[in-house]
Amino acid sequence: MANAHASLFQQDELLYRLVLQTPEIVVSGEPRPIYDALFSSVISQQLSVKAAATIKARFLALFPKNYPDPALVLSLPVEQMRAVGLSRQKIGYLQNIAEHKAAGKLEDDQLAHLPDEELITQLVHIKGIGRWTAEMILMFALHRPDVMPVDDLGIYNAMKRLYGLEPPHKQARARMLELSLSWRPHRTLACRYLWQSLNNMPEVSSESQK
């Protein structure tokens, strides 16, 4: 059966044909709390999915009911967090996230309704959270439908293959953004198909963290 999502991208013949010929992606799931998504994202930075899942499970096991209460995160000895596999840099990032949560700055009812760019601006103020990480949270935790992560290496590689992009990644970003305009308002879904075309869903952050 033809992929029904293909009709969303008829203005882009190359993407239309790509989607038409691939299995339909099932998009579902309730939004995740931003606080939880930030913790997961920081733990996952520069790690494979399997390694990140192992470290996250060990980290959450340090807390009652596997919930990293901000006060407990901030009171936990660094060496105890190091013992579960976290680097000192990541521990600092997690503590900073916990400080923001404790200060009431990461409440979903205050943030989840914000427009994409405004929410990204809020999130990148947190040490350790760059634009790429913020965009992944919008796409996979909040299920925002129209996010275009031009900094993602996988998206660049997929578009390079599909459109024959020649410039290096940094120089190609403007062209990537231009090509994506015809996918609106479904750029998140388009990116999922681009990642799928490489069999490479985003696993590791390619951004330079602050």
Side-chain angles (χ1 to χ4, degrees), residues 1-29 31-32 37-56 90 116-117 119-120 123-124 128-209:
M1 183 179 294
N3 189 329
H5 288 153
S7 63
L8 301 173
F9 307 112
Q10 288 181 331
Q11 294 185 58
D12 183 328
E13 183 179 354
L14 293 177
L15 183 63
Y16 171 77
R17 288 190 300 188
L18 173 71
V19 175
L20 191 65
Q21 297 167 5
T22 57
E24 187 168 317
I25 291 174
V26 178
V27 181
S28 62
R32 291 172 58 199
L38 288 169
F39 265 78
S40 296
S41 295
V42 165
I43 291 171
S44 299
Q45 287 169 6
Q46 308 303 324
L47 294 176
S48 69
V49 169
K50 183 177 180 180
T54 298
I55 292 173
K56 183 182 179 184
K90 286 188 179 181
D116 290 354
E117 285 301 322
L119 181 51
I120 288 171
L123 295 179
V124 299
I129 304 301
R131 184 178 178 89
W132 182 92
T133 298
E135 289 172 335
M136 294 303 107
I137 289 170
L138 263 63
M139 296 174 84
F140 295 102
L142 301 180
H143 307 300
R144 294 291 178 90
D146 195 38
V147 181
M148 177 58 189
V150 295
D151 293 327
D152 188 88
L153 183 59
I155 295 298
Y156 167 71
N157 286 334
M159 294 183 73
K160 182 178 181 179
R161 175 190 291 180
L162 187 61
Y163 300 99
L165 298 181
E166 295 182 357
H169 188 182
K170 287 185 178 181
Q171 287 70 41
R173 289 172 183 169
R175 179 59 178 155
M176 292 166 65
L177 187 60
E178 180 184 7
L179 286 166
S180 77
L181 294 179
S182 69
W183 313 340
R184 299 180 69 180
H186 306 289
R187 289 186 291 182
T188 296
L189 183 61
C191 288
R192 290 175 70 98
Y193 279 106
L194 289 170
W195 278 312
Q196 180 175 271
S197 75
L198 297 176
N199 192 25
N200 183 31
M201 290 298 285
E203 298 181 354
V204 178
S205 169
S206 57
E207 70 185 4
S208 298
Q209 296 298 334

Enquirer: Holding to side chain to side chain contact (heavy atoms under 4.5 Å, CB included), I want the full list of residues that pass it with D116, two or more places apart in sequence or in another chain.
Expert: L138, R144, V147
Enquirer: Please report the C-alpha distance between V19 and L15 in whole Å, then the side-chain angles of each, then the deciding distance to 0.1 Å, and finally whether the side-chain contact (heavy atoms from CB on, under 4.5 Å) criterion is met.
Expert: CA-CA 6 Å; V19 175; L15 183 63; 4.1 Å; yes
Enquirer: What verdict does the side-chain contact (heavy atoms from CB on, under 4.5 Å) test give for H169 and M176, after you've listed the backbone C-alpha separation in whole Å, the side-chain angles of each residue and the deciding distance to 0.1 Å?
Expert: CA-CA 9 Å; H169 188 182; M176 292 166 65; 4.1 Å; yes
Enquirer: What pair of heavy atoms forms the shortest contact from Q45 to K90, and how long is it?
Expert: O-NZ, 2.6 Å
Enquirer: Ignoring hydrogens, what is the shortest heavy-atom contact between A37 and R32? Give both atom names and the distance.
Expert: CA-NH2, 3.7 Å
Enquirer: Which atom names give the shortest non-hydrogen contact between M148 and L177, and what distance separates them?
Expert: CG-CD1, 4.3 Å
Enquirer: Look at the rings of W183 and Y163 and say which category their plane angle falls in: under 30° parallel, 30 to 60° tilted, over 60° perpendicular.
Expert: parallel
Enquirer: Can you name the nearest heavy-atom pair linking A134 to I129, along with the distance?
Expert: N-CG2, 4.2 Å
Enquirer: For L181, enumerate each residue passing the side chain to side chain contact (heavy atoms under 4.5 Å, CB included) test, keeping only those at least two apart in sequence or located in another chain.
Expert: R184, R187
Enquirer: What is the distance from atom CG of L8 to atom NE2 of H186, rounded to the nearest 0.5 Å?
Expert: 4.5 Å
Enquirer: To check you understand the geometry: which heavy-atom pair defines the closest contact between R161 and S197, and what is its length?
Expert: NH1-O, 3.3 Å
Enquirer: Which salt bridge (charged side-chain N to carboxylate O under 4.0 Å, His left out) pairs, counting each pair once, include a residue from residues 166-177, with sequence neighbours left out?
Expert: D151-R173, R175-E178
Enquirer: Rounded to the nearest 0.5 Å, how far does CD1 of I43 lie from CD1 of I55?
Expert: 8.0 Å
Enquirer: Please enumerate all residues that pass side chain to side chain contact (heavy atoms under 4.5 Å, CB included) together with Y16, with sequence neighbours excluded.
Expert: A6, Q10, L20
Enquirer: Test side-chain contact (heavy atoms from CB on, under 4.5 Å) on F140 and E135 and set out the steps.
Expert: CA-CA 9 Å; F140 295 102; E135 289 172 335; over 6 Å; no
Enquirer: Could you measure the distance from the CG atom of L165 to the CD atom of Q171? Nearest 0.5 Å is fine.
Expert: 12.0 Å
Enquirer: Counting only heavy atoms not in Q11, do more than 12 sit closer than 6.0 Å to its CD atom?
Expert: no
Enquirer: Testing the 3.5 Å rule here: is there a donor-acceptor pair between the side chains of D152 and W195?
Expert: yes
Enquirer: Specify the closest pair of heavy atoms between E24 and A4, including all atoms of both residues, with the distance to one decimal.
Expert: OE1-N, 3.3 Å
Enquirer: Would you say that R192 contacts V27 through its side chain, given a criterion of any heavy-atom pair below 4.5 Å between the two side chains?
Expert: yes
Enquirer: To the nearest 0.5 Å, how far apart are OG1 in T133 and CG in L123?
Expert: 9.5 Å
Enquirer: How many angstroms lie between CD1 in I137 and CD1 in I120, if you round to the nearest 0.5 Å?
Expert: 10.0 Å
Enquirer: Measure the shortest side-chain to side-chain distance between I155 and P149 over non-hydrogen atoms and say whether it is less than 4.5 angstrom.
Expert: yes
Enquirer: I want to know whether W132 and Y156 have ring centres closer than 6.0 Å.
Expert: no
Enquirer: Checking T22 now: which residues fulfil side chain to side chain contact (heavy atoms under 4.5 Å, CB included) with it, not counting sequence neighbours?
Expert: N3, L18, Y193, Q196
Enquirer: Of all residues at least two apart in sequence or in a different chain, which pass the salt bridge (Lys or Arg N to Asp or Glu O under 4.0 Å) check with K56?
Expert: D36
